[in-house]
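The block underneath contains the structure these notes are about, expressed in structure tokens.
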Amino acid sequence: MLAKAAQAGRDYFTLIAVQAFSLPLSVAYVSIVARWLGPQGWGELSLAMAVIQLFFSLGISWHAAAVVRFGKEEYRDHFSVGRTFIARGTLLLISLAIAFVFLQWLGVKGGRFASTVRDYAGLMFFLLCGLAISDHLGWLLKAADRMQAFAHTLLIRQVFLVGAVALLAKAYLTVPAVLVVESCGYIAVIVYAMIRLRSLVRLREPPEQSRVRDILKYSWPLLIAYACGYLSNWMDVYFIHYFLNTREIGIYQSAYRIVDYVRTPLYGICTVAFPVLMAVRLQEKRSLIDFYVRKITPQVTFIVNLAMLAVMAVSPYLIPALFGKEFSAAALPCAVLLAGVGFQVIAIMYTTIYSVYDWLPYNSAVLILVCIINGIGDILLIPRMGIMGAAVATALSFAAGSVGYLVIANRLLAIKTVKALCMVIPTFICAIGILMGGSYFSKVVAWGGALLLSFGLARFLRIFEKKDLQIWEKISLPLGIKQLFRWIYTGFTMGV
């Protein structure tokens, strides 16, 4: 048991280290591609990626989690993942065949999207195949407890992408070239993953229809969540293309990339919190669940919103530095989106609670609400405000989703607290001040006032209290993570 715990700790820290190292590589890759393609080319690439992700989300990724469920079972009983590999591989072939047909149809009947799909249909399908297969193998690595190998695949792809675009001269870096580079990056991952899985995948094993049915039965409730997740991430691209043009997509997507980078580490919270909260629930330690909702969630929300205020302050300089002066118009939408992330951290924290208690219907209801608000907001605001309207609609949808998650969960848990929402108020006010425009001085005042208000609210609501450190000692965490949390918590206890 101790050996398994130690291995799990090593696997986790390897994954975190690789993700931390991969992030600057990803930033470098995106920066090079966006600068050399310009807003128009970056917009065309984003539109092509939106179509690829449509087929990936609705046809492939929603049944990926079943690989871990059934693959782990097969690995435990037979030290193999061959049957799971073949069963889900069958579903992948069917999904890719359907995607190929629909790509051809979109190239002819896709309206305003037809030209983009028609120009890049072959490369888009090639990229979709690489994405689907590499994703499938990645889940198999997780199922076979090869977490370090899975972490290596993330690094291999990023190193390949940066190396490939660095070798290409600006004149040769076009949208088709980027699609080829992306596809080859997935091929590199596929080769490495197959090498690591070669002893665990026996292709001579016959496919089992029952295993395919089990995967579908296990996965279909997740389809709504994946569909809503796709719409939330890519809906803006379609509406901007419909109401505006491809160049505006490129500018908006540069702002959205910044948002992706700053919120990616937040999902690591779920990785840490889920097994801990699941163990707490099984041990019926309800007081620790209450502590997570009443204390940890507001604390994390406070810290994240401080980070959002910092990024908002430098976004007018950060976006031109990363993407070039042609993307400077993305600074204001970026600030508004960052305010939305300030809300979204609450949703991320509560998502773990929903997973622990298996509240899938409530989770789906909130996701549907988010999509409806985002869609209505895009339709009403983009024609009037341009890409700023898309940013406002997305931020409002994030806020509505977070309020929905909090209200429903608190009601089910019989907990009354809105401290986490209070921690977002300063960031929200700062975003409104930036949105209203004015001089540079007024924006500095709005940012400084929001910062002071954040610390004032944290002190007034007693977000950090020294007595809470005693509860941390009761939570089972790897020693390194616990020491890190103690250091962070003690620092904010002294400061606030």
Side-chain angles (χ1 to χ4, degrees), residues 1 3-8 10-12 14-15 18 52 55-100 125-157 160 183-223 225-226 271 274-275:
M1 183 65 71
K4 288 185 177 181
Q7 183 61 45
R10 286 193 296 270
D11 289 345
Y12 175 77
T14 298
L15 183 59
V18 168
I52 292 169
F55 294 115
F56 181 71
S57 297
L58 301 187
I60 294 168
S61 63
W62 62 275
H63 46 73
V67 174
V68 174
R69 162 66 177 80
F70 297 103
K72 274 189 175 296
E73 183 180 277
E74 182 184 356
Y75 179 72
R76 183 192 63 213
D77 296 339
H78 306 288
F79 199 68
S80 169
V81 290
R83 289 185 173 88
T84 306
F85 173 82
I86 294 173
R88 185 165 182 259
T90 303
L91 294 177
L92 290 185
L93 289 175
I94 296 172
S95 299
L96 289 172
I98 295 173
F100 179 80
F125 181 72
F126 185 45
L127 177 53
L128 177 62
C129 291
L131 173 59
I133 298 171
S134 63
D135 177 74
H136 179 46
L137 297 177
W139 285 97
L140 285 170
L141 287 170
K142 294 179 185 178
D145 294 329
R146 303 297 196 270
M147 287 300 297
Q148 293 190 19
F150 170 74
H152 295 159
T153 63
L154 304 178
L155 185 60
I156 287 170
R157 182 169 180 271
F160 179 89
S183 302
C184 292
Y186 286 122
I187 291 174
V189 169
I190 291 169
V191 171
Y192 175 79
M194 286 301 298
I195 292 173
R196 297 303 301 266
L197 288 167
R198 65 186 184 279
S199 62
L200 303 176
V201 176
R202 305 182 184 98
L203 299 178
R204 291 174 293 180
E205 296 177 359
E208 296 179 348
Q209 292 184 358
S210 60
R211 182 61 59 92
V212 175
R213 288 195 299 268
D214 289 342
I215 290 175
L216 290 175
K217 183 178 179 180
Y218 177 86
S219 302
W220 76 263
L222 301 174
L223 181 58
Y226 275 86
T271 304
F274 178 75

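A quick note: this is a predicted structure, and the numbers were derived from the prediction, not measured.
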Is there a side-chain contact (heavy atoms from CB on, under 4.5 Å) between Asp145 and Lys72 once you walk through the steps? CA-CA 8 Å; Asp145 294 329; Lys72 274 189 175 296; 2.7 Å; yes
Just how far is it from atom CZ of Arg146 to atom CG of Leu137, taken to the nearest 0.5 Å?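 Output value for this atom pair is 13.5 Å.
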Can you tell me how far apart CG (Leu155) and NE2 (His152) are? Round to the nearest 0.5 Å.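 Atom-to-atom, Leu155:CG and His152:NE2 are 7.5 Å apart.
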Is there a donor-acceptor pair under 3.5 Å between the side chain of [X] and the backbone N or O of [Y]?
| X | Y | result |
| --- | --- | --- |
| Arg196 | Ala193 | no |
| Trp62 | Leu58 | yes |
| Ser80 | Leu200 | yes |

As a quick check of understanding, evaluate side-chain contact (heavy atoms from CB on, under 4.5 Å) for Phe126 and Ile187, giving each step before the final call. CA-CA 10 Å; Phe126 185 45; Ile187 291 174; 3.7 Å; yes
Do Phe150 and Trp139 pass the side-chain contact (heavy atoms from CB on, under 4.5 Å) test, and can you show the C-alpha distance, the side-chain angles, and the key distance before you say yes or no? CA-CA 8 Å; Phe150 170 74; Trp139 285 97; over 6 Å; no
For [X] against [Y], the heavy-atom pair lying closest together:
| X | Y | result |
| --- | --- | --- |
| Ala151 | Val18 | O-CG1, 3.1 Å |
| Arg88 | Ile60 | NH2-O, 2.9 Å |
| Val67 | Ala143 | O-CB, 3.7 Å |
| Thr84 | Leu140 | CG2-CD2, 4.3 Å |
| Leu131 | Tyr186 | CD1-OH, 3.3 Å |
| Ser57 | Tyr226 | O-CB, 4.1 Å |

A quick test of your reading: do over 12 heavy atoms of other residues, nucleotides or ligands sit less than 6.0 Å from OH of Tyr192?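 Count over threshold, so yes.
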Residue pair Leu96, Cys129: steps toward the side-chain contact (heavy atoms from CB on, under 4.5 Å) verdict: CA-CA 7 Å; Leu96 289 172; Cys129 291; 4.1 Å; yes
Would you call the rings of His136 and Phe85 parallel, tilted or perpendicular, taking 30° and 60° as the class edges?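 Ring orientation of His136 relative to Phe85: parallel.
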